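The sequence lines fix the lettering, A, B, ..., with proteins before strands; numbering per chain opens at 1. Bear in mind that the values here come from a model prediction, so they are computed numbers and not experimental data. As a basis for the values below, the full set of heavy atoms in this structure was taken, side chains included, without hydrogen atoms, waters or symmetry mates.
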2 protein chains.
Amino acid sequence: MSVADEIRSKGKRMTVQRRLVLDALQRARHHTTAEEIARQVRSRHPQIDPSTVYRNLEALEGLGFVTHTHLDDRVTRWHRADVERHGHLVCRRCGSEQEIPLRTLEPLGRRLRAEQGFRADLAHSAIVGICRECAP
Amino acid sequence: MSVADEIRSKGKRMTVQRRLVLDALQRARHHTTAEEIARQVRSRHPQIDPSTVYRNLEALEGLGFVTHTHLDDRVTRWHRADVERHGHLVCRRCGSEQEIPLRTLEPLGRRLRAEQGFRADLAHSAIVGICRECAP
DNA sequence: CAGGTTATCGCAAGTTGTCGCAATAGTGAC
DNA sequence: GTCACTATTGCGACAACTTGCGATAACCTG
């Protein structure tokens, strides 16, 4: 079943705009911003409003095709839901972002579940700090 | 040495506006938003511009008096730097926020340091997930 | 405590993201 | 294909910050 069919099977529609947002996410490796996607889409289709891009990202998240993460700034980062899940280390100083295997975070996940009854979504939780290169 | 003196010793100035922002942070227990502080300050001193509040929060952070954390939304949360440090669990569903002792997070901190050379600032890293009450 | 330096302020304009609404256009049914 | 239904769009207005700039007022110095 194609993505379009999946979308339709949930009572939603596959529009040109939605297709373009999905394509842009496909091209971007990970963690694009909505603004970047809007820029790409609008470079070829200037009549498409940025608000449409924002709304499509939300809609596609509701449908399970994309997810978002908040790194250490106010900007929401988006990526396809089917890429391998991983944790995020964000450097406060240089802003670089590093991915780490979820395996590293799992012990904490188990502990939070056991002690607090909290089901942590560690693939969407950015850990801030100072990276190796920036360490004094 | 008073806060004012500390500020002056770093070549900065203690202005009325800065004092008011510090006071508002003092009153708020934790994790206020800039908007909330601006509202408080402006309720008594309407001539103070919101941009002044934003800039003072940044300046005070640079001076080490306050810090900020990004919970799971786009809003920056501010609090005094001298409150007891703790980690944050944020529920994706109900938005509630729970504090946990840093001790719980320390094993992960040590591991990231050893394996990645990354110095995690776990008191400013929010972990998102589903809280006990919202769990299915 | 007067004067010069310059951090900080208030204002206005610019960004970035959100929302209500009327018009449009995918979809399934016939 | 055609039609009715309604999800989605573009637009304009708004909300939440951010930034540039000339004016102001802390602060240090003598």
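Look at R27(B) and D23(B) and you find no salt bridge, because none of the NZ, NE, NH1 or NH2 atoms lies under 4.0 Å from a carboxylate O. Ionic pairing of R39(B) and E36(B) is present here: one or more N-O contacts between side-chain nitrogen and carboxylate oxygen are shorter than 4.0 angstrom. Salt bridge absent: R55(B) and D49(B) never bring a charged side-chain N and a carboxylate O closer than 4.0 Å.
Residue R113(B) qualifies as open at atom CZ: its count of foreign heavy atoms under 6.0 Å is 12 or below.
Considering R77(B), E61(B), H124(B), R85(B) as possible partners of T67(B), the one that fulfils the side chain to side chain donor-acceptor pair (under 3.5 Å) test is H124(B). Looking at L105(B), L112(B), D121(B), I127(B) one by one, the single match for side chain to side chain contact (heavy atoms under 4.5 Å, CB included) with I127(A) turns out to be L112(B). Between H31(A) and the options H70(A), H68(A), H79(A), a ring-ring contact (aromatic ring centres under 6.0 Å, His included) holds for only H79(A).
For N56(A) and dT18(C), the CG to P distance is 13 Å, given to the nearest whole Å. The nearest whole Å value for the distance from the CZ atom in R42(A) to the P atom in dT9(D) is 14 Å. Atom-to-atom, CD of Q47(A) to P of dT8(D) comes out at 18 Å; the value is rounded to the nearest Å. A straight line from CZ of R18(B) to C1' of dG10(C) spans 15 Å, rounded to a whole angstrom. Look at CZ on R19(A): it is 14 Å from C1' on dG26(C), rounded to the nearest Å. In this structure, K10(A) places its NZ atom 15 Å from P of dG28(C), rounding to the nearest Å. When rounded to the nearest whole Å, the span between NE2 of H45(A) and P of dG10(D) equals 11 Å. One atom, CH2 of W78(A), and another, C1' of dG17(C), lie 12 Å apart when rounded to the nearest Å.
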Requested in this report: Could you run through nucleotides 25-30 of chain D and give me one letter per nucleotide, 5' to 3': B if any protein heavy atom sits under 4.0 Å from the base, S if only the sugar-phosphate is that close, - if neither?
Outcome: BBS---
Report task. Any chance you could list the contact pattern along nucleotides 12-19 of chain D? Use B for base contacts, S for sugar-phosphate-only contacts and - for none, protein heavy atoms under 4.0 Å, 5' to 3'. Result -> ----SSBB
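No hydrogens or angles considered: nothing links the side chains of R132(B) and Q116(A) as a donor-acceptor pair under 3.5 Å.
Cation-pi check for K12(A) over F65(A) is not met; the charged atom does not lie both under 6.0 angstrom from the ring centroid and within 45 degrees of its normal.
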